[in-house]
Colleague: 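Here it is, the structure in full.
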Amino acid sequence: DVKVTQSSRYLVKRTGEKVFLECVQDMDHENMFWYRQDPGLGLRLIYFSYDVKMKEKGDIPEGYSVSREKKERFSLILESASTNQTSMYLCASSFPGGAGSKAFFGQGTRLTVV
Amino acid sequence: AQSVTQPDIHITVSEGASLELRCNYSYGATPYLFWYVQSPGQGLQLLLKYFSGDTLVQGIKGFEAEFKRSQSSFNLRKPSVHWSDAAEYFCAVGATGGATNKLIFGTGTLLAVQP
C-alpha cells in the first residue's frame with residue numbers, strides 16, 4: 001500500500017516562527033500536494049509539485065512556500081507563522097495520470113500557532 | 001471555474017437507515033468525480049470514483065454513487081448505515097491545473113449515526 005507520512009501529528013508554534021511541515025511518500029509518485037483543512041471550508045489547495053524542484057501555486061499560497069529537493073519529500077514552509085495559519089494540514093501524492101488520478105493522503109498535521 | 005458544492009454541512013441518521021449525501025459540481029468538460037471519507041483522526045480515504053461509462057459507481061464499504069450529468073450531481077448513497085460510517089465525507093472533482101491534475105474539494109458533510 002502507498003504510504004504518505006507526515007512528520008508530526010501535532011505541532012504548537014509561536015507567532016513569527018519559521019515552521020517546516022514535512023511529507024514523505026514511498027511510491028515514487030511524481031505529484032505531491034499540500035492542502036489546508038478548516039471547518040466549513042473543506043480542503044483548500046496551498047501548493048502542488050509535479051516533479052523535483054517544480055511547484056505551482058494552489059488556491060491559497062499566501063504566507064506559504066514549498067520545497068521539493070527529492071522526489072519522495074515535499075515540505076511546506078510557513079515563513080513567519082501567524083495565528084490565522086492554525087489549521088489541519090494534509091499532504092497527498094499521486095501519479096501523473098491526468099485529472100482522474102487517485103490521490104493518497106497522509107494523516108495530517110494539526111498546527112496551532114499561539 | 002471548477003467547483004464542488006456539498007449543501008449539507010451535518011447529517012444525522014439512525015443505524016440501519018439509508019443514507020444519501022449530496023454533491024453538485026461545476027466543470028466545463030466531462031468531470032472526474034470522487035468521494036473521500038475522513039474518519040476521526042485519520043487522513044482521507046478514497047471511497048469511489050467516476051471517470052466515464054456506467055453512471056452508477058460501486059465503492060468500498062457498501063457505498064455507491066450516481067453521476068447525473070443533467071443535474072450536475074454525484075450523490076453518495078448507502079442502503080443501510082453502520083455506526084462505523086460516522087465520519088466526514090468529501091466530494092471532489094479532478095481538474096487540470098497548470099502542469100498536472102489537482103483535486104478540488106467540497107466543504108464536506110459530517111455524518112453522525114444514532115444507535
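To find a chain, count down the sequence lines: A is the first, B the second, and so on, and within it residues start at 1.
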Colleague: If hydrophobic clusters are built from ILVMFWY residues whose side chains come within less than 4.5 Å, do B:F74 and B:I11 share one?
Modeller: yes

Colleague: Sort A:D38 into side chain, backbone, both or neither according to what part of it lies under 4.5 angstrom from a heavy atom of chain B.
Modeller: neither

Colleague: Compare every heavy atom of A:A103 with every heavy atom of B:L103, then report the nearest pair and how far apart it is.
Modeller: CD1-CB, 3.7 Å

Colleague: Kindly indicate, with the supporting measurements, whether the criterion side-chain contact (heavy atoms from CB on, under 4.5 Å) is fulfilled by A:R44 and B:T107.
Modeller: CA-CA 9 Å; A:R44 294 178 291 168; B:T107 52; over 6 Å; no

Colleague: Would you compute the distance between atom CD of B:Q38 and atom CZ of A:F105 and round it to the nearest 0.5 angstrom?
Modeller: 9.0 Å

Colleague: Can you tell me which portion of A:L43 sits under 4.5 Å from chain B's heavy atoms? Options are side chain, backbone, both or neither.
Modeller: both

Colleague: Nearest 0.5 Å, please: how far is NZ in A:K102 from NZ in B:K49?
Modeller: 6.5 Å

Colleague: Decide if atom NZ of A:K57 counts as having more than 12 heavy atoms of other residues, nucleotides or ligands within a radius under 6.0 Å.
Modeller: no

Colleague: B:L19, B:V37: one ILVMFWY side-chain cluster at the under-4.5 Å cut-off?
Modeller: yes

Colleague: Could you go step by step and tell me if B:E88 and A:Q37 meet the side-chain contact (heavy atoms from CB on, under 4.5 Å) rule?
Modeller: CA-CA 12 Å; B:E88 191 157 21; A:Q37 182 180 10; 4.0 Å; yes

Colleague: Would a single hydrophobic cluster contain both A:V19 and A:L90, if residues Ile, Leu, Val, Met, Phe, Trp and Tyr are joined by side-chain heavy-atom contacts under 4.5 Å?
Modeller: no

Colleague: Could you tell me which portion of B:I9 (side chain, backbone, both or neither) has an atom closer than 4.5 angstrom to a non-hydrogen atom of chain A?
Modeller: neither

Colleague: Honestly curious: do B:F63 and B:L110 fall in one hydrophobic cluster under the side-chain, below-4.5 Å linking rule?
Modeller: no

Colleague: Looking at A:L41, I'd like to know if its CG atom is crowded, meaning that more than 12 non-hydrogen atoms belonging to other residues, nucleotides or ligands lie closer than 6.0 Å.
Modeller: yes

Colleague: Is there a path of hydrophobic side-chain contacts, each under 4.5 Å between heavy atoms of I, L, V, M, F, W or Y residues, that connects A:Y50 with A:L76?
Modeller: no

Colleague: Per the ring-ring contact (aromatic ring centres under 6.0 Å, His included) rule, which among B:Y36, B:F90, B:F105 passes with A:Y35?
Modeller: B:F105

